[in-house]
Each structure stands twice: as structure tokens, then as C-alpha cells.
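Both counts, for ligands and for their atoms, begin at 1 and track the order of listing. Only heavy atoms go into these numbers, but all of them, side chains included; no hydrogens, no water, no symmetry mates.
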Amino acid sequence: MLVDNHGRTIDYLRLAVTDRCNLRCAYCMPEHGALFANKDTLLSLEELKRISSLMVDMGISKIRITGGEPFVRKDIMSLLEHLSNLKGLDEISITTNATGIGPHIANLKRLGILNINVSLDAITPETFKKITKRDTFQKVYDNLVRLITEGFNSRINFVVLEDQNIEDIYALIELQKRYPIGVRFLEEMPFNGTDRNFNKLVWDYKHILEHIREKYPDFIKLEGPATSTSINYQIPGHKGTFGLIPSFSRTFCGSCNRIRITATGDVISCLYGKPKANIKQLLSEHDSDKVARAMIKDVLGKRAKTGFDAQQQDQLAFDRSMTAIGG
Ligand code: SAM
Ligand code: SF4
């Protein structure tokens, strides 16, 4: 079992498989693309398999595959097949923009990988295009509906963006009225790969909730696992649920159970801190996993208590792109 220096059990790995992406969401990276890593510095399929086995052996029971866009990686299904055979790994989930998931839906089902978070920040094609700089709304929407109707446990991630997609919030509530899906509204974070930084947010989780309350005054707060980052609600009569993720306000740090490994092997113990080590480098230098295991324990033994502490300790410059971190 992995436990950090504040007594928190760490059993959840967010594993980024690439920093590349076919969309250009403005809140994530600049239109011309982020400063992508050299191809030979990205984790190979063999390294991803080795890292996931090692982490599960150390006590990780949940892995979320993220990126960049996981499905731009041609060998992604081979990694997922490997994960589905790992004893001790209870949950595999994927965060995707759903542009390229269509051809893989049947195989995902076969592997029993049913937890799919789809990022969808607009329900109007024009707004979608403005945010993502690509014209793929219909494909994403069709794939989302396919996932829902084929019985996947899908959720929508919607980053609330001032002056960009506020009009679509109610439309997303209407979507979860009709479909048994969880829509989660995320606070924007300043990880956009540009110098557009901010230390105050107009649309924080409290503001989002008040906005929803204006049109939908009756909702019930749902109980969730202590480690959940979302505060979830249900409106009576609606098939789905909605939730708020205070990713900027950071109200959930006390029960944080996660560790991140980026597509280049950087180990991140807090989203708001700098990488603490590089596992790709250690694995390439040692045949045995012993040194990498010791490094993971060391990193978790020096973990900041909260995202605010990590930000202060590391003097983090917000010039990184979320595509390099994995969300
Ligand atoms: N490409 C995939 C996708 O978009 O779902 C996976 C990677 S993406 C970096 C992971 C998650 O991070 C997405 O839900 C995305 O909306 C979120 N994200 C990216 N940049 C963000 C930002 N600046 N603030 C809040 N969330 C962000
Ligand atoms: Fe790509 Fe996801 Fe970033 Fe959008 S949020 S640019 S889909 S990595």
C-alpha cells in the first residue's frame, strides 16, 4: 500500500499516454499547439506496461488513462489490454475528447473498460468550434450518445469558461435530464500553455452552482466517496446527475488519493507542483524496478499537503499546458 507523509492512501494513478492532441482547446493549449515533447522522450508501449504493472504492484488499484488525447496513440488498445489483465487493478478509466473513440468502442466493451469521461465544453457546434478550433462536434456528440446507449458509464467534463460557454450550462443540464449521464462542471485552471495566468476566478464552483439554482432550484446533494473531487447533485425526475469540480479552488486536497505520471515519465505528486522525478529515466538505467519503486515512495513521502502549499513551495509558473500534465 502507498501512503503519503500526511497519512493519505495513494491508490489512484493518472497515466498520460501522449502529450499530442487533435484538438486545440483554448484553455488547454495555444492554437498553434503546445511545446510538444520530442517523440523519443515519450513513454514507449513497453515502458507504459512496465510502469502500470509496477504501480499496481505497489498498491495502485485505479488507473485513469489520459493525455493529450489517448486515442491518437496507435498502440493504445494494446496498453488497455495489458491493464485489463493486471491483478489488483480494480478500475480502469479513460478521459478522452471522444473524436477518435468510435472504432474502439466494441473492443473497450470486450475488455470491460466502461468508465469513459468525455470532455465536451459546448453543446452548440459553433461554440464547440470556437473553443476547440476544430469542426468535430457532431462526431463527438454521436460517439457520446453511442457510449451512453451501449451501456458505458460515461461522464461529461465541461470546463466553465467565462464569456465562452456559459449559455451551454443549462443545455448540459437538459442533457442529463434525458440521459443517465453525469455532467461535471470544472473550474478553469491556468494550465493553458500561454502566459494567460489568473489568480481569481469569476466562475468558481459556488458561482456555477448559483447559476444552476436560478433555473433548477430543486436539487439534492448526493453522497460520494471521500476521495471524490466532484460535489454531486441530482435534480428530481432527471435521469442523470450533475457535479462541480473545484479544480481551481482546491477544496478536495485533504482526501487526495492520486499520483500522476506524464507522457514523458515525469512523476507529479500534486497537480499544482512541479514534477519530482522521472521514471522513464530510472527504468532505462536499471533492469530491476527497485530504484523506481524507491523513488515513488520517496516522492510520496515528501508530498505537499495541499495544492496551495505545492504552488507556494515550487513557485510554479503557470506556463505549462494541461496536455503535458494529463488533467
Ligand atoms: N484529451 C483528453 C480530453 O480532453 O478529455 C484528455 C486530456 S485533457 C488534458 C484532461 C482533462 O483536463 C479534460 O477533461 C480537460 O477538459 C481538462 N482540462 C484541460 N485543461 C484544463 C484547464 N486549463 N482547466 C481545467 N481543466 C482542464
Ligand atoms: Fe486536447 Fe484534451 Fe487538451 Fe482539448 S483538453 S486540447 S482535447 S488534450
For [atom], closest protein heavy-atom neighbour:
atom: atom 14 (O) of ligand 1; answer: S119 OG, 2.8 Å
atom: atom 24 (N) of ligand 1; answer: M189 N, 2.9 Å
atom: atom 12 (O) of ligand 1; answer: G327 CA, 3.8 Å
atom: atom 16 (O) of ligand 1; answer: Y27 OH, 3.2 Å
atom: atom 19 (C) of ligand 1; answer: M322 CG, 3.2 Å
atom: atom 6 (C) of ligand 1; answer: G68 O, 3.2 Å
atom: atom 26 (N) of ligand 1; answer: V159 CG2, 3.7 Å

With heavy atoms and a 4.0 Å threshold, my read on which part of T96 contacts ligand 1 is backbone
Heavy-atom distances under 4.0 Å are what count here, so tell me which part of T66 touches ligand 1: side chain, backbone, both or neither. side chain
N/O/S from C21 sitting under 2.8 Å away from atom 1 (Fe) of ligand 2: yes
Start with the C-alpha gap between R155 and V118, add the side-chain angles, then the distance that decides, and say whether side-chain contact (heavy atoms from CB on, under 4.5 Å) holds. CA-CA 6 Å; R155 294 188 298 202; V118 172; over 6 Å; no
Tell me whether the rings of H211 and Y170 are parallel (<30°), tilted (30 to 60°) or perpendicular (>60°). parallel
Please state whether G67 comes within less than 4.0 angstrom of ligand 1, counting heavy atoms only. yes
Could a heavy atom of N192 be found less than 4.0 Å from some atom of ligand 1? no
Any side-chain heavy-atom pair of [X] and [Y] under 4.5 Å:
X: T136; Y: L23; result: yes
X: Y179; Y: L144; result: no
X: L172; Y: F185; result: yes

How about NZ on K62, more than 12 heavy atoms from neighbouring residues, nucleotides or ligands closer than 6.0 Å, or not? yes
Can you tell which of [options] gets a heavy atom nearest to [atom]?
atom: atom 6 (S) of ligand 2; options: A34, C25, A324, A98; value: C25
atom: atom 7 (S) of ligand 2; options: N97, I131, D121; value: N97
atom: atom 5 (S) of ligand 2; options: P70, G67, G327, C28; value: C28

Quick check on M322 - does any of its heavy atoms sit under 4.0 Å from an atom of ligand 2? no
Decide whether I261 and L283 are clustered together by the hydrophobic rule: side chain heavy atoms of Ile, Leu, Val, Met, Phe, Trp, Tyr closer than 4.5 Å, transitively. yes
Give the C-alpha distance, both sets of side-chain angles, the deciding distance and a yes or no for side-chain contact (heavy atoms from CB on, under 4.5 Å) between M58 and R293. CA-CA 8 Å; M58 290 188 83; R293 284 169 175 265; 3.7 Å; yes
